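This report refers to the structure that appears directly beneath it.
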Amino acid sequence: MRIEELSVDERVKRIIRERGIEELYPPQAKALKSGVLEGKNLVLAIPTASGKTLVSEIVMVNKLLHEGGKAIYLVPLKALAEEKYREFKAWEVLGLRVAATTGDYDSTDEWLGKYDIIVATAEKFDSLLRHGSSWIRDVKLVVADEVHLIGSYDRGATLEMILSHMLDKAQILALSATVGNAEELAEWLNAELVVSDWRPVELRKGVFSHGQLFWEDGKIDRYPSSWDSLVVDAIKKGKQALVFVNTRRSAEKEAVSLASKIYRLLTKPEQRKLEELTESLESNPTNNRLREALKKGVAFHHAGLGRSERTVIEDAFREGLIKVITATPTLSAGINLPAFRVIIRDTKRYSNFGWVDIPVLEVQQMMGRAGRPKYDKRGEAIIVAKTEDPKKLMERYVFGKPEKLFSMLSNESAFRGQILALITNFSIGNFRELIEFLERTFYFHQRSDTSQLEWKAKEIVYFLIENEFIDLDLNDHFMPLLFGRRTSQLYIDPLTAKKFRDAFPKLEKNPNPFGIFQLIASTPDMGTLNARRKEMEDYLDLAYEMEEKLYVNIPYWEDYTFQSFINEVKTAKILLDWINEVPETRIYDAYNIDPGDLYRILELADWLMYSLIELYKLFEPKEEVLAYLRNLHLRLRHGVREELLELVRLPNIGRKRARALYNAGFRTQEDIIRAKVSELLAVEGIGMKVIEGLFRYFGVELPGASKKGADERNPKKRRGTLDDFLR
DNA sequence: CATGGCTGAGTCTAGACAGCATGTC
DNA sequence: CTAGACTCAGCCATG
C-alpha cells in the first residue's frame with residue numbers, strides 16, 4: 001500500500017514522504033486498515049524492525065491533529081524513552097510537542113500538560129497516574145510498546161494495571177513481539193489483532209552443531225568444528241556479528257578470545273580509530289578488560305559496564321567500527337542494534353530454580369536482531385548446540401511457537417503495591433469495588449476466576465490495615481492514611497515502608513550511616529548483591545564489630561536470613577566506602593563489582609534514602625535527626641565526607657573537584673569567592689568553564705583580569721584524590 | 001627438596017523500573 | 001535432571 005492511499009491527514013503523509021518512505025510494509029498496511037485510525041483498539045504482534053514505530057507514529061499524530069488531547073507512548077527502558085523521544089521529535093514541525101519523562105527527570109508534573117506526545121516508562125506513567133496530574137484526563141491514546149512484558153515476573157503487573165486503568169478511557173495500541181496467545185490479549189483489550197511474521201530483511205535461521213550448520217530449509221553448510229568460525233566467517237564477508245551468551249564472564253571471555261582472531265581482518269585506519277577509542281575509556285578493571293578486546297575490534301556488552309561505555313560501544317558498532325559484540329541479554333530486548341549474523345551460544349540460563357531453558361520468546365527476540373535493514377539482503381541467526389541434540393533445538397526455537405503470556409498480577413510484591421495504590425490513590429472504597437476493579441484485569445480475563453486473587457487481595461488488605469497504611473471505618477469502608485498514600489506516591493514496596501517505620505525508634509536514638517545503609521539494603525526494593533562464599537566471614541566480622549550501630553540483631557549462621565543479611569552488610573559497606581571517598585576503582589576491586597553495579601546501587605540507595613526521610617517526616621520527626629538524615633542523603637548522592645558538603649552544592653562540583661579544592665585550601669564557598677582565578681585554575685579538574693559557572697552562580701564578577709589564562713598550562717596541577725591527600 | 005603440571009572438588013552465575021530537584025570529570 | 005568458566009588444594013613427576 002502506498003502512502004498516498006492512506007486515509008490520514010495530508011500533513012502526516014507529507015512528512016513520511018519527506019523521510020523517503022513511499023510504500024508501507026504489508027503488516028503496516030494491514031495494521032492501519034484494521035480500524036485503529038478510526039479509534040479502535042489494536043494489538044499489533046509483528047517482529048522487531050518491521051515498522052511498529054511508524055504505525056504508532058501515524059496513529060498518534062493523526063489522532064492528535066484531528067481530535068487534540070494527548071498520546072502516551074510507554075516503553076520498558078529509560079534508554080528506549082530517550083530513543084523514541086528523539087524519533088518523535090520530528091513531528092514537532094506540525095506544532096505537536098514531544099516530551100520524555102522517566103525517573104531521571106521531572107515528576108508530577110503539571111508541565112507535562114503542555115505536551116502532546118509523552119514518552120514514559122511504564123513505572124513512571126503508573127507513578128504519574130498515582131499523583132493524579134490534571135492532564136491525565138486529556139490522554140486519548142496509549143501506545144504500549146513491548147506489551148508482551150506483561151508476562152514478566154517483576155514488572156508485568158505494572159503494565160497490566162496501567163492498561164486496566166486506561167481501558168475504556170483511551171484508545172489502546174499495544175505493540176507486541178510474537179507470543180503464543182495474542183488473541184487472548186486482544187480479547188482482553190477489546191482490540192483488533194494483527195499478527196504477521198513478515199520482515200523487511202529476510203531472516204535465515206539455523207542450528208550449528210560440531211562443524212555442521214543445519215539451516216531451517218534443510219541445507220547444510222560445513223565449517224570448522226568451533227562455532228567461532230561462524231563469527232570469523234561473517235567478518236571476512238565484511239559483515240558484523242552479535243554473540244549472545246548467558247553470563248558476564250562468558251561475554252568477556254569470548255570477546256577477548258574472538259578479538260585475537262578478528263584483529264588481522266581490520267584495516268589500518270580501523271585499527272587506528274579503535275586504538276583512539278580504547279584510549280578514550282576511563283581506566284578501571286572492567287574497562288581494562290574491555291580495552292583488550294576493543295582495540296582488536298570486539299567488545300562485550302553487559303550491565304556491569306558504565307553508561308558511557310555502553311553508548312560508546314553501541315555507536316561504534318552501528319558505525320561498523322566494532323565488528324563483534326558479545327552480549328548478555330542486555331541487548332536482546334531494548335535498544336535496536338542489529339547485525340548481519342546473530343550467534344546464540346547458550347540456550348540455558350541459571351535462575352533461582354537452577355538451570356532453565358531460555359524462553360522461546362526471548363531467543364526469537366535475539367534472533368530477530370539479525371540483518372541490518374539498509375545494509376543486508378538477509379540476516380542469519382544461528383543457535384549453537386553443544387551437548388544438546390540440534391534437532392531438538394531446531395524444533396523448539398526455530399519452528400516452535402513462543403510461550404503464552406500469563407498475568408503476573410498475583411506476584412505478591414507487585415500486587416501489594418498495586419492494591420495499596422488502588423485504595424489510597426484511585427479511591428477504591430471497599431472490598432467489593434476492589435474486586436470489581438480486578439475484574440478488568442488480564443488476570444481475570446485469562447482465568448475468569450478471581451477466587452485465588454481475592455484471597456490474596458484480602459491478605460494484603462489485612463496487612464495494610466494492620467500496619468496503618470489504611471484503615472477501615474464502621475461500614476467496612478477503606479480509609480487511606482497518610483502513611484499509605486505517601487508510600488504509594490514514593491513508589492516503594494509497602495514492605496519497605498514498614499521496615500523503615502519499624503526502625504525509626506532505634507534510628508532516632510542512634511542515627512549512623514552503617515545502620516541506615518544496612519536498613520536500606522535490607523529492603524525488598526534494593527535488589528540483591530551477592531557476597532562470595534569467601535567474603536562471608538569478613539562481613540560477619542564487620543557486622544559484629546559494628547553491632548551496636550545496627551538496628552537489627554545479627555542472625556545465626558543457620559538462619560535462613562543469614563545469607564541475605566551478609567549481602568546487606570556488603571552493600572552497606574560499599575555505601576559507607578562511597579561516602580568516605582574511597583576511590584571508585586578501589587571499590588570495584590575490593591568488592592568484586594563492576595561500574596554498572598556501583599551505579600545501580602547508588603541510584604537505588606539515593607531513592608530509598610529520600611523515601612526514608614519522607615516517611616520519617618510523618619512520625620513526629622526530631623529536627624536534629626531530620627537534619628542528620630538530610631546531610632547523609634547529600635553525602636550519599638555526591639559520595640563525599642561531611643567537610644565537602646558545602647563545596648559539592650556548587651554547580652559542576654562533584655566529589656573529585658570538591659576534594660581537589662578542599663585539599664588546595666578552598667574549604668568554603670567564601671574561600672572560592674575570595675580566590676584568584678589563577679589559584680583556582682591550578683587545582684586539578686578546574687578549568688575556565690567551571691570557574692565561570694561558579695562565579696555566575698555566586699552572581700559575582702570574575703575577579704582579576706587574568707582571564708587570558710597564563711596559568712592554564714601550569715604543569716604541576718595539584719592532584720585531588722583522597723589517596724594523595726592521605727599520602 | 002623445590003617447582004610445575006594435572007586433576008578433581010568447589011564456587012559462581014542476567015537485567016534494571018521507581019522520587020525529587022537540578023547539573024559529574 | 002540439565003552448563004561452563006574459573007579457582008584452589010592436593011597430588012605426582014621431574015630436575
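Just so it is clear: chains get the letters A, B, ... in the order the sequence lines come, proteins before strands, and each one is counted from 1. Predicted model only: the values in this text are computed from it and were never measured.
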State whether [X] places a side-chain N or O below 4.0 Å from either non-bridging phosphate oxygen (OP1 or OP2) of [N].
| X | N | value |
| --- | --- | --- |
| Thr121(A) | dA18(B) | yes |
| Lys124(A) | dC17(B) | no |
| Arg600(A) | dA16(B) | no |
| His131(A) | dC20(B) | yes |

Base, sugar-phosphate alone, or nothing: which one does [X] contact when heavy atoms must sit under 4.0 Å apart?
| X | value |
| --- | --- |
| Arg696(A) | nothing |
| Arg637(A) | base |
| Leu650(A) | sugar-phosphate |
| Gln489(A) | sugar-phosphate |
| Ile653(A) | sugar-phosphate |
| Asn246(A) | sugar-phosphate |
| Ser127(A) | sugar-phosphate |

Charged N to carboxylate O under 4.0 angstrom, [X] versus [Y]?
| X | Y | result |
| --- | --- | --- |
| Glu362(A) | Arg349(A) | yes |
| Asp597(A) | Arg248(A) | yes |
| Glu146(A) | Arg155(A) | no |
| Arg289(A) | Glu292(A) | no |

Which nucleotide in the set [options] lies at the smallest distance from any side-chain heavy atom of [X]?
| X | options | answer |
| --- | --- | --- |
| Thr387(A) | dG4(C), dG19(B), dG15(B) | dG4(C) |
| Trp355(A) | dA16(B), dA5(C), dT2(C) | dT2(C) |
| Arg533(A) | dG4(C), dC12(B), dG19(B) | dC12(B) |
| Thr330(A) | dA5(C), dG15(B), dA18(B) | dG15(B) |

Under 3.5 Å on both distances, the Watson-Crick or G-U partner of [N]:
| N | value |
| --- | --- |
| dT24(B) | none |
| dG10(C) | dC6(B) |
| dG19(B) | none |
| dA14(B) | none |

Heavy-atom side-chain contact between Val342(A) and Phe244(A) under 4.5 Å: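 Sidechains of Phe244(A) and Val342(A): in contact.
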
Ile492(A) CD1 - dC20(B) P separation (whole Å): 11 Å

Ranking Tyr610(A) and Tyr350(A) by the position along DNA chain B of their nearest nucleotide, the one closer to 5' is Tyr350(A)

Take Leu77(A) and Arg248(A), find for each the nucleotide of DNA chain B with the closest heavy atom, and name the residue whose nucleotide sits nearer the 5' end. Arg248(A)

May I ask you to decide if Val582(A)'s main-chain N or O and Asp577(A)'s side chain share a donor-acceptor pair within less than 3.5 Å? no

